[in-house]
Structures are given as C-alpha cells and as structure tokens.
There are 2 protein chains.
Amino acid sequence: MSSIPAVPAANRLLNALPDTDREHLLAHCESVELIFAEVLYLAGTKIPHVYFPTSSFISLVTPVDGDTGLEVGLIGNEGILGITLILGVDIAPFQALVQGAGSALRISVPVFLQELERSRPLQQELKRYLYVSMSQLAQTAACNRFHLVEARLARWLLMTHDRAHADTFHVTHIFLAYILGVRRVGITKAALSLQAQKLISYRRGDITVLDRSGLEAAACECYRTERATYERILGTY
Amino acid sequence: MSSIPAVPAANRLLNALPDTDREHLLAHCESVELIFAEVLYLAGTKIPHVYFPTSSFISLVTPVDGDTGLEVGLIGNEGILGITLILGVDIAPFQALVQGAGSALRISVPVFLQELERSRPLQQELKRYLYVSMSQLAQTAACNRFHLVEARLARWLLMTHDRAHADTFHVTHIFLAYILGVRRVGITKAALSLQAQKLISYRRGDITVLDRSGLEAAACECYRTERATYERILGTY
DNA sequence: GCTTGTCTGTATGTTAGCGCACAAACAGGC
DNA sequence: GCCTGTTTGTGCGCTAACATACAGACAAGC
C-alpha cells in the first residue's frame with residue numbers, strides 16, 4: 001500500500017464523472033486558495049459554499065462542551081465539503097477548518113444544487129462518498145475509544161500524508177491535541193516515540209514522514225480498515 | 001422535556017408521510033416480532049430487509065479489533081434500519097442487533113427501493129433522518145472520548161427510555177459494557193452510583209427508570225444536544 | 001433439593017492519560 | 001542584538017478505567 005499518487009490540480013470525485021457532467025460543473029466553479037487554519041463552516045450554521053479540495057485538505061471537527069473539539073472527518077482531493085446538501089439539509093453539522101493550505105474548487109450552494117439535480121452521475125458519486133464518510137466517522141469513534149494516542153497519531157499522520165501529496169506538512173502539537181482530543185503533552189510524548197523509531201521527524205510544526213510502512217505498522221487497524229472501505233465503495237486509489 | 005409519548009403500533013417516519021404514500025408502503029410491509037439480542041445485519045454483508053421499528057428498538061454496533069464493539073446508533077420507532085440504501089449502497093456498514101424485543105414493520109430491499117423511487121416525501125424524510133443519524137454518530141464519538149462512564153450510562157438509559165415506551169427494560173451489565181465499550185465492572189460501579197442516587201433501580205437485567213429528570217441531570221450535554229438536532233431537522237417529538 | 005449457569009458485587013494492582021506548572025529552544029519583529 | 005510570542009520538552013501528583021480474580025445472589029432445570 002503506497003501513498004496516493006499526486007494529482008495536484010484535480011479532485012477525484014470530479015475526475016470520476018463523465019466528461020460532459022464534469023465540464024458542466026467546472027464551468028460554475030471558481031478556484032480559490034485556502035489558508036491554513038481558516039474556518040470554512042461553523043457547526044450549526046448555513047453552508048455558504050461547496051468545496052472540492054484539489055491540493056488543500058480540510059478537517060471536520062465536532063464541538064464538545066464549548067471549548068474542546070474532536071475531528072470526525074478529513075477531506076482531501078478524494079472528497080467534498082458540503083456533502084449534507086445532497087440530503088436536502090443546508091446546515092453544516094460540523095466545523096470545517098483548513099488543515100492543509102492549498103487550492104480548492106468552490107461553487108455556490110444554489111448552483112451546486114442545480115447541477116446536482118441535473119447530473120445523475122454526480123448524485124451517485126456523492127451518495128457513495130457520503131456512505132464512506134459515515135463509515136469513517138464510526139471507525140473514528142471506535143478508534144478514539146479504544147486505541148492508544150501513539151497509534152491514533154500514526155493513523156492521523158497516514159491519513160494526512162495521503163491527502164497532502166507531500167512528505168512534509170505543517171501541524172503543531174497543540175493543534176494535533178485539539179484534533180485528537182488529548183492533551184498537548186500526550187502528543188509530544190507520542191511524537192517523540194515515533195521520532196525515536198525514525199518514522200517521522202519534526203521541527204516547530206513541520207512534520208516529515210520518513211518511513212511510511214513503519215508508520216503503518218505503528219498505526220491501529222483503523223487506517224487499513226478505512227482504506228479498504230474507500231476502495232470497496234469508491235474504487236481503487 | 002418529557003419522555004416520548006407512546007405510539008405503540010406506529011413508526012414516526014411513516015406517520016410523517018402523506019396518507020397515500022404511507023398506505024402504499026404499508027401495503028408491502030409485513031409485521032414481524034423481533035427477539036432480544038437477535039442479529040439483523042452483520043457489518044459488511046448485504047442488507048437482507050429494511051425495518052421500521054414500532055415497539056422494538058435496535059442497536060447499531062461497529063466492530064473493533066475482532067472481539068469488541070461500540071454502539072454508534074440506536075433506532076426506535078423514530079427511525080429506520082437500512083438507511084444506507086438511499087445512498088445506493090446495499091452493504092450494511094454496522095452490525096444491527098435487537099436491543100428491545102417488540103414488533104417492527106419489515107419490507108424487502110427491492111420493494112423498498114421501488115417505493116423509494118416512487119415517493120418523493122419518503123426520500124425527503126429518509127434523507128433528513130440520515131442527516132440526524134450522522135449528527136448522532138459524531139456526538140457519540142465525542143461523548144465516548146470525553147465523558148465519564150456514569151454520564152454516558154445515564155445518557156444511554158435516557159435514549160433507550162425514549163425508545164422503549166416503558167420505564168422498565170431488559171439489559172444486563174455485560175451487555176451495557178459491550179455497548180458502551182467499557183468493562184463490565186465499570187458499568188456495575190456506574191449503575192450502583194445511579195441507583196444510590198435513586199435515579200434507577202435494577203435487578204438481574206431489569207432496569208427501571210425512577211427519576212427521569214434526575215437522570216437528565218446526571219447525563220452529559222450530549223443527550224440534550226442530540227435531541228435538539230432531531231427536533232430541528234425532523235420536527236418535534 | 002441440588003446443580004448449573006447467569007448476573008452482580010468486591011478486591012488488588014496497574015496504567016494511560018489528565019491537570020498543572022515550568023523550563024528550554026527557537027523565530028520573527030523592531 | 002534584544003524582546004516577545006510560539007513551540008516543544010519535562011516533572012509530579014492524581015484518577016478513571018484497565019485486567020484479573022473471586023464470591024455471593026439468584027433463577028431455572030432436573
């Protein structure tokens with residue numbers, strides 16, 4: 001199992017569409033640059049735009065008890081932000097924040113809905129993606145409950161590596177602590193351990209994956225399971 | 001906030017449909033009796049039937065590491081089992097097991113899909129229910145991560161109370177341990193504490209809710225949050 | 001009445017992660 | 001070059017939940 005090959009300026013969901021459907025949709029999209037830590041959706045508020053990440057990636061975070069949060073999804077160029085629109089609900093269930101700076105294709109909600117109505121293949125593709133997202137959500141729930149911080153961190157790094165299309169990406173310990181729902185110190189310890197095993201290296205927020213297959217061994221089964229679900233429903237990487 | 005009023009032989013999703021749509025669907029349903037601990041779906045296998053619980057209720061459990069599991073959803077007469085069919089996927093993402101014995105309306109998958117195609121209101125209703133289910137899943141994920149066993153147990157009892165339409169229902173400690181993903185002893189301790197507070201009483205698997213508002217105070221915010229989401233999207237209880 | 005299996009209560013030692021506090025290393029702006 | 005804010009590392013006491021083991025209470029069947 002290797003990293004997802006880089007397809008820099010493209011989105012997999014869009015690529016899977018028939019040419020005409022894709023062209024039609026792309027005609028209504030604008031390319032935008034997402035900046036790190038930008039908040040795209042606030043949980044419980046109206047969805048302003050739909051995004052198809054190309055080189056960027058986005059975290060879905062569910063708020064807990066006011067201050068904390070927990071990541072429940074990660075969207076890269078294999079996915080879409082705003083998927084609940086296909087359920088006829090224009091309220092964001094989660095907070096969406098930019099985890100990896102980069103570009104994305106953006107489309108307004110009314111236009112998206114209109115295109116959705118028009119294109120059967122788009123409907124089909126997005127429904128499948130939603131199924132995968134749900135599976136991923138459940139997997140994450142179980143993982144958070146049962147697995148050690150170090151294994152969860154390894155899993156997260158792999159998922160991010162898949163979506164970043166680069167071996168180095170920017171994330172601080174405190175940010176990871178928020179995402180994984182643990183203390184900052186917990187991340188520091190786990191990261192030190194992974195570094196001691198020469199699986200990663202990092203320096204002031206810049207994390208580099210050194211040994212991908214080693215990381216896969218350090219991660220819990222959840223990573224593998226999730227990928228298997230993706231492949232089964234949405235085709236091969 | 002009081003308990004959901006009992007609507008014994010009926011399902012809320014079906015009730016919300018226009019008369020003609022409901023009649024049409026009901027004509028293809030058969031009434032079945034579900035027995036406690038019966039496994040209706042196995043995760044990863046083909047969905048055999050769609051169920052609309054009326055007096056029964058069903059747990060969705062995601063398998064972890066082979067032996068353990070974790071509840072990620074609870075379906076009573078406010079919901080449906082087999083919702084992923086509306087996404088065009090006929091593979092069950094979770095294990096479904098009967099948590100509360102009772103009756104349900106059952107319909108075969110092909111007929112269900114055909115009826116779904118025909119009825120716009122049914123599509124609409126089910127899409128909304130799926131949205132609520134996703135929100136619930138995320139809420140559960142966060143709850144499992146951050147909250148103490150006692151609060152989670154209280155929340156689960158409330159959720160079950162809502163779906164059981166009775167103050168007493170049957171669940172053993174070992175079963176609860178499986179559902180909540182903790183040790184059996186952890187449940188015993190939490191249950192003893194709730195009993196000491198005169199919120200519940202139990203005897204060899206028969207749990208009785210004594211003080212509902214007291215339980216609500218003992219539960220985490222998640223219960224309230226989840227209910228609010230339900231009401232917002234699917235109307236009032 | 002006895003046995004067997006299920007369910008619940010209790011005990012002991014262990015551990016992963018918590019809260020808090022503080023120090024060190026580093027980067028960028030002035 | 002100094003100061004300030006950010007990021008990372010370390011230490012210490014605490015606790016919720018873990019693993020395991022066992023005993024008592026109860027129900028049902030023979």
Side-chain angles (χ1 to χ4, degrees), chain A residues 36-37 64-70 99 141-157 168-197 199-208 218-220, chain B residues 36-37 64-71 99 141-157 168-197 200-208 218-220:
Chain A
F36 180 69
V64 189
D65 304 331
D67 52 342
T68 354
L70 185 70
Q99 187 60 242
C143 186
N144 286 340
R145 177 66 196 81
F146 293 109
H147 299 146
L148 301 186
V149 172
E150 187 171 329
R152 287 170 56 205
L153 176 59
R155 173 178 170 233
W156 190 90
L157 291 172
T168 298
F169 39 88
H170 188 84
V171 191
T172 63
H173 288 187
I174 191 106
F175 205 89
L176 281 168
Y178 177 72
I179 291 296
L180 297 184
V182 296
R183 282 176 319 153
R184 201 262 310 159
V185 178
I187 298 292
T188 301
K189 273 185 69 179
L192 280 172
S193 170
L194 292 178
Q195 197 175 28
Q197 296 168 64
L199 305 179
I200 61 167
S201 76
Y202 62 86
R203 196 185 112 80
R204 291 186 78 73
D206 293 323
I207 296 196
T208 303
C220 43
Chain B
F36 180 67
V64 189
D65 304 332
D67 52 341
T68 354
L70 185 70
E71 186 182 83
Q99 188 60 241
C143 186
N144 286 340
R145 178 67 197 83
F146 293 108
H147 299 147
L148 300 186
V149 172
E150 186 172 329
R152 287 169 56 204
L153 176 58
R155 173 178 169 233
W156 190 90
L157 291 172
T168 298
F169 39 89
H170 187 83
V171 190
T172 63
H173 287 187
I174 192 106
F175 206 90
L176 280 169
Y178 177 71
I179 291 297
L180 296 184
V182 296
R183 283 172 319 148
R184 201 263 307 160
V185 179
I187 298 292
T188 301
K189 273 185 68 180
L192 280 173
S193 169
L194 293 179
Q195 198 175 26
Q197 295 169 63
I200 62 167
S201 75
Y202 63 87
R203 197 185 110 81
R204 289 185 76 73
D206 294 322
I207 296 195
T208 302
C220 43

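Chain letters run A, B, ... following the sequence lines, proteins first and then strands; every chain starts at 1.
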Solution key, residues 199-206 of chain A side-chain donor-acceptor pairs under 3.5 Å, sequence neighbours excluded:
from     : atom 1 : to       : atom 2 : distance (Å)
A/Asp206 : OD1    : A/His170 : ND1    : 2.9

>> Is there a side-chain contact (heavy atoms from CB on, under 4.5 Å) between B/Ile207 and B/Leu176? Walk through the geometry before answering.
In response: CA-CA 11 Å; B/Ile207 296 195; B/Leu176 280 169; 4.1 Å; yes
> Nearest heavy-atom pair of B/Arg155 and B/Ala219: which atoms, and what distance?
Replying inline: N-CB, 3.7 Å
> Where do A/Ala154 and A/Ala218 come nearest, in terms of heavy atoms and distance?
Replying inline: CB-C, 4.0 Å
>> Distance under 4.0 Å to a non-hydrogen atom of chain A counts as contact; along DNA chain C, which nucleotides mark the start and end?
In response: C/dA16 to C/dA27
>> With each end axis built from five pairs of C1' atoms, what bend angle do you get for the helix from C/dG1-D/dC30 to C/dC30-D/dG1? Round to 10°.
In response: 30°
Using a cutoff of under 3.5 Å, can you pull out all pairs of nitrogen or oxygen atoms linking the protein to nucleotides 7-11 of chain D, with atom names and distances?
from  : atom 1 : to       : atom 2 : distance (Å)
D/dT8 : OP1    : A/Gly205 : N      : 2.7
D/dT8 : OP2    : A/His173 : N      : 2.9
D/dG9 : OP1    : A/Tyr202 : OH     : 3.2
D/dG9 : OP2    : A/Tyr202 : OH     : 2.7
D/dG9 : N7     : A/Arg184 : NH1    : 3.0
D/dG9 : O6     : A/Arg184 : NH2    : 2.7

>> Looking at every non-hydrogen atom in both residues, tell me the closest pair between B/Tyr178 and B/Thr68 and how far apart they are.
In response: CE1-C, 4.0 Å
> Within the pair A/Arg145 and D/dC18, is there a side-chain N or O less than 4.0 Å away from OP1 or OP2?
Replying inline: yes
>> Ignoring hydrogens, what is the shortest heavy-atom contact between A/Gly181 and B/Arg145? Give both atom names and the distance.
In response: O-NH2, 3.0 Å
In residues 184-195 of chain A, what donor-acceptor pairs under 3.5 Å come from side-chain atoms, sequence neighbours left out?
from     : atom 1 : to       : atom 2 : distance (Å)
A/Arg184 : NH1    : A/Thr188 : OG1    : 3.1
A/Thr188 : OG1    : A/His173 : ND1    : 3.1
A/Thr188 : OG1    : A/Arg184 : O      : 3.3
A/Ser193 : OG     : A/Glu150 : OE1    : 3.0
A/Ser193 : OG     : A/Glu150 : OE2    : 3.0
A/Ser193 : OG     : A/Gln197 : NE2    : 3.1

>> Could you measure the distance from the SG atom of A/Cys143 to the CG atom of B/Leu70? Nearest 0.5 Å is fine.
In response: 11.0 Å
>> Run the side-chain hydrogen bond (donor to acceptor under 3.5 Å, both in side chains) test against B/Arg152 and tell me which residues pass, sequence neighbours left out.
In response: B/Asn144
> What is the distance, rounded to the nearest whole Å, between atom CG of B/Asn144 and atom P of D/dA16?
Replying inline: 18 Å
> Atom CZ of A/Phe175 and atom P of D/dT6: how far apart are they, to the nearest Å?
Replying inline: 15 Å
> Looking at residues at least two apart in the chain, or sitting in another chain, which of them share a side chain to side chain contact (heavy atoms under 4.5 Å, CB included) with A/Phe175?
Replying inline: A/Phe36, A/Leu97, A/Gln99, A/Val171, A/Thr172, A/Ile179
